[in-house]
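Written out below as structure tokens is the structure these notes cover.
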Amino acid sequence: MVNLSTFNSIANHIIAELRDVQVQKDSQRFRKNMEKLGGILAYEASKNLSYQPTEIQTPLGKSPSAIIDTKIVIATILRAGVPLYQGVLNYFDKADSAFVGAFRNEDGDAEHLTVSTHYTAGPSIKDKILIIADPMIATGKSLLSAYQAICKGNSPKELLILSAIASQPGIDFLEKHLSNFSLYVGAVDPQLNQHAYIVPGLGDAGDLAFGEKI
Ligand SMILES: O=P(O)(O)OC[C@H]1O[C@H](OP(=O)(O)OP(=O)(O)O)[C@H](O)[C@@H]1O
Ligand SMILES: O=c1cc[nH]c(=O)[nH]1
């Protein structure tokens with residue numbers, strides 16, 4: 001796991017703004033900060049991908065270079081995931097995309113929370129790197145449902161999960177249900193409240209980016 005909060009960088013400043021109730025009043029700033037964090041997480045993840053050596057012709061000569069050698073699919077969960085996804089896509093701009101519409105039925109605590117996925121659209125992930133960009137991993141159930149909806153019983157070559165804030169119980173849940181993945185996260189928070197929200201977290205990422213849902 002790469003946890004950005006364990007070392008100094010501008011990412012910590014961005015995460016502090018994302019959490020701040022005063023700064024959160026500006027939804028454009030919230031979306032932009034989430035997009036910036038997506039770029040930083042994408043850059044961190046890019047360090048562990050495999051690259052093919054190549055030679056590039058510049059106007060003045062040939063330069064030994066390296067390019068990513070595997071097809072990437074970036075997936076996100078509507079609607080809260082859109083700004084983080086955009087930040088990841090800005091870096092992996094040749095990737096294909098997959099979208100899942102997921103709804104948390106928030107009548108109970110983390111154990112009883114269920115997730116409905118109504119809409120999935122995306123390419124095959126077979127032999128590809130699948131990046132799932134989801135800003136909040138609370139119970140982890142939305143992410144697992146999205147993964148299953150996207151993969152349709154197949155497995156990607158590699159699974160990378162990029163998230164702004166993950167709860168420790170959510171990470172434990174994913175480790176139990178997904179066999180192999182790499183996690184890149186802005187921060188890890190210790191717990192969930194009785195409505196399965198991350199504490200201290202930042203609140204409802206979808207509402208903060210796009211307005212309170214009814
Ligand atoms: O780990 P979980 O307990 O499943 O919760 C995490 C989910 O919550 C957020 O979406 P949210 O349901 O708030 O999305 P929305 O506001 O876009 O509907 C986030 O984008 C995750 O997909
Ligand atoms: O803390 C949480 C949990 C789910 N969804 C959010 O946006 N925040």
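Remember, it's 1-based here, ligands and their atoms both numbered in the order they're listed. Please read all numbers here as calculations on a predicted model, not as lab measurements. The analysis underlying the following values was restricted to heavy atoms, covering all of them including side chains, and did not include hydrogens, waters or symmetry mates.
Among all protein heavy atoms, the one lying closest to atom 13 (O) of ligand 1 is D204 OD1, 3.6 Å. In this structure, the protein non-hydrogen atom closest to atom 9 (C) of ligand 1 is A80 CB, 4.3 Å.
A donor-acceptor pair under 3.5 Å is absent between the side-chain atoms of D134 and the main chain of A80, judged by distance alone. Between the side chain of Q148 and the main chain of K152, no donor-acceptor pair closer than 3.5 Å is present.
Residue A138 has at least one N or O atom closer than 3.5 Å to an N or O atom of ligand 1.
The heavy atom nearest to atom 1 (O) of ligand 1, out of those in S142, G81, G140, is found in G140.
For I137, the heavy-atom gap to ligand 1 drops under 4.0 angstrom.
S163 pairs in a side-chain contact (heavy atoms from CB on, under 4.5 Å) with only one of the listed residues (L41, L174, I137), which is I137.
The contact set between ligand 2 and A205, taken as ligand atoms under 4.0 Å from a residue heavy atom, comprises 6 (C), 7 (O). Ligand-side atoms of ligand 1 in range of P135: 20 (O), range being under 4.0 angstrom from any heavy atom. Interface of G203 with ligand 2, defined as ligand atoms under 4.0 Å from a residue heavy atom, comprises 1 (O), 2 (C), 6 (C), 7 (O), 8 (N). The K141 neighbourhood of ligand 1 comprises atoms 1 (O), 4 (O), with distances under 4.0 Å to a heavy atom of that residue. The ligand atoms of ligand 2 that sit less than 4.0 angstrom from a heavy atom of I198 are 1 (O), 2 (C). Close contacts of ligand 1 with D134, meaning ligand atoms under 4.0 Å from a residue heavy atom, involve 19 (C), 20 (O), 21 (C), 22 (O). Atoms of ligand 1 lying under 4.0 Å from any heavy atom of T139, numbered from 1 in the order shown and given with element: 1 (O), 2 (P), 3 (O), 4 (O). Contact atoms of ligand 2 toward A138: 3 (C) (distance under 4.0 Å to a heavy atom of the residue).
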Could you go through residues 119-130 and list every donor-acceptor pair under 3.5 Å that involves a side-chain atom there, pairing it with any protein atom two or more places apart or in another chain?
from : atom 1 : to   : atom 2 : distance (Å)
S124 : OG     : K126 : N      : 3.1
K128 : NZ     : S124 : O      : 2.8

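Only the backbone of A196 comes within contact range of ligand 2, with a heavy atom under 4.0 Å; no side-chain atom does.
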